[in-house]
Student: 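If you scroll down you'll find the structure; I have some questions about it.
In listed order, ligands and their atoms are each counted from 1.
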Amino acid sequence: MFTLPPLPYAKNALEPHITAHTLSFHYDKHHQTYVTNLNNLIANTDFAMLSLDDIIQKTAKLSEYTAIFNNAAQVWNHTFYWESMTPNGGGTPTNDLNDAITRDFGSFDAFRDTFKQAALTQFGSGWAWLVVAHDKTLKIVKTSNAECPITEGMTPLVTIDVWEHAYYLDFQNRRADYTETFLTSLINWHFAESNFEKAKAV
Ligand SMILES: [Fe+2]
């Protein structure tokens, strides 16, 4: 049985950027529903013995397991998304990650533009990610619906949820404003740096 991981901050902690109203729906309803659905789908199956990561890897791209994959990956993605934001976030990363961003994107501003473009051009529901790719360089990728870069062997550093349920109550249809706010005021560079250090150690 999986349980909904605790939110790493109070529901009003991201205000005024993302309101407690949004987080109440997004965390208590959407994220909880993915957990509940996953538990129901894997009950009395071999998947019930596996970790969340293993379920995602074993069900990815297999049409007979689409429902299990979608719910498992959405549990994983949302837990990662909550950690990708922090009250008083934003700014720039430090040290090695800052150097790697400059190396692989040319500048921090170029990284920002690429990340925003990925978030904006993800058609319909999905996610934009900063990842460490196979060649150990940083890349920006976007994924549809529940798709997650770990199934492609990439290591996510930070993500933004661009499903409408993530921003519609606060930003209506203005995904560009939501993405700009995420980068300016919410992104958790400490979380990204810690994921980057782990990726380098592998
Ligand atoms: Fe979401």
Student: Name whichever N, O or S atom of Asp161 ends up nearest to the Fe ion (ligand 1).
Tutor: OD2
Student: Quick check against the 3.5 Å criterion: does His78 have a side-chain atom that pairs as donor or acceptor with the backbone of Gln74?
Tutor: yes
Student: Counting C-beta onward and ignoring hydrogens, is there a side-chain heavy-atom pair between Ile160 and Ser84 closer than 4.5 Å?
Tutor: no
Student: Using residues 138-145 as the side-chain source, report each donor-acceptor pair under 3.5 Å to any protein atom, sequence neighbours left out, with the distance given to one decimal.
Tutor:
from: Lys139; atom 1: NZ; to: Asp135; atom 2: OD2; distance (Å): 3.4
from: Lys139; atom 1: NZ; to: Thr137; atom 2: OG1; distance (Å): 3.0
from: Lys142; atom 1: NZ; to: Thr121; atom 2: O; distance (Å): 3.3
from: Lys142; atom 1: NZ; to: Thr121; atom 2: OG1; distance (Å): 2.7
from: Thr143; atom 1: OG1; to: Trp129; atom 2: NE1; distance (Å): 2.9
from: Thr143; atom 1: OG1; to: Glu147; atom 2: O; distance (Å): 2.7
from: Ser144; atom 1: OG; to: Gln122; atom 2: NE2; distance (Å): 3.2

Student: Taking the Fe ion (ligand 1) as the vertex, how big is the angle to NE2 in His26 and NE2 in His78, rounded to 10°?
Tutor: 90°
Student: Is His31 close enough that one of its N/O/S atoms sits under 2.8 Å from the Fe ion (ligand 1)?
Tutor: no
Student: Return yes when at least one N/O/S atom of His30 is nearer than 2.8 Å to the Fe ion (ligand 1), and no when none is.
Tutor: no
Student: For Glu164 and Arg175, run salt bridge (Lys or Arg N to Asp or Glu O under 4.0 Å): C-alpha distance rounded to whole Å, both residues' side-chain angles, the deciding distance at 0.1 Å, then the answer.
Tutor: CA-CA 8 Å; Glu164 282 190 344; Arg175 190 189 286 187; over 6 Å; no
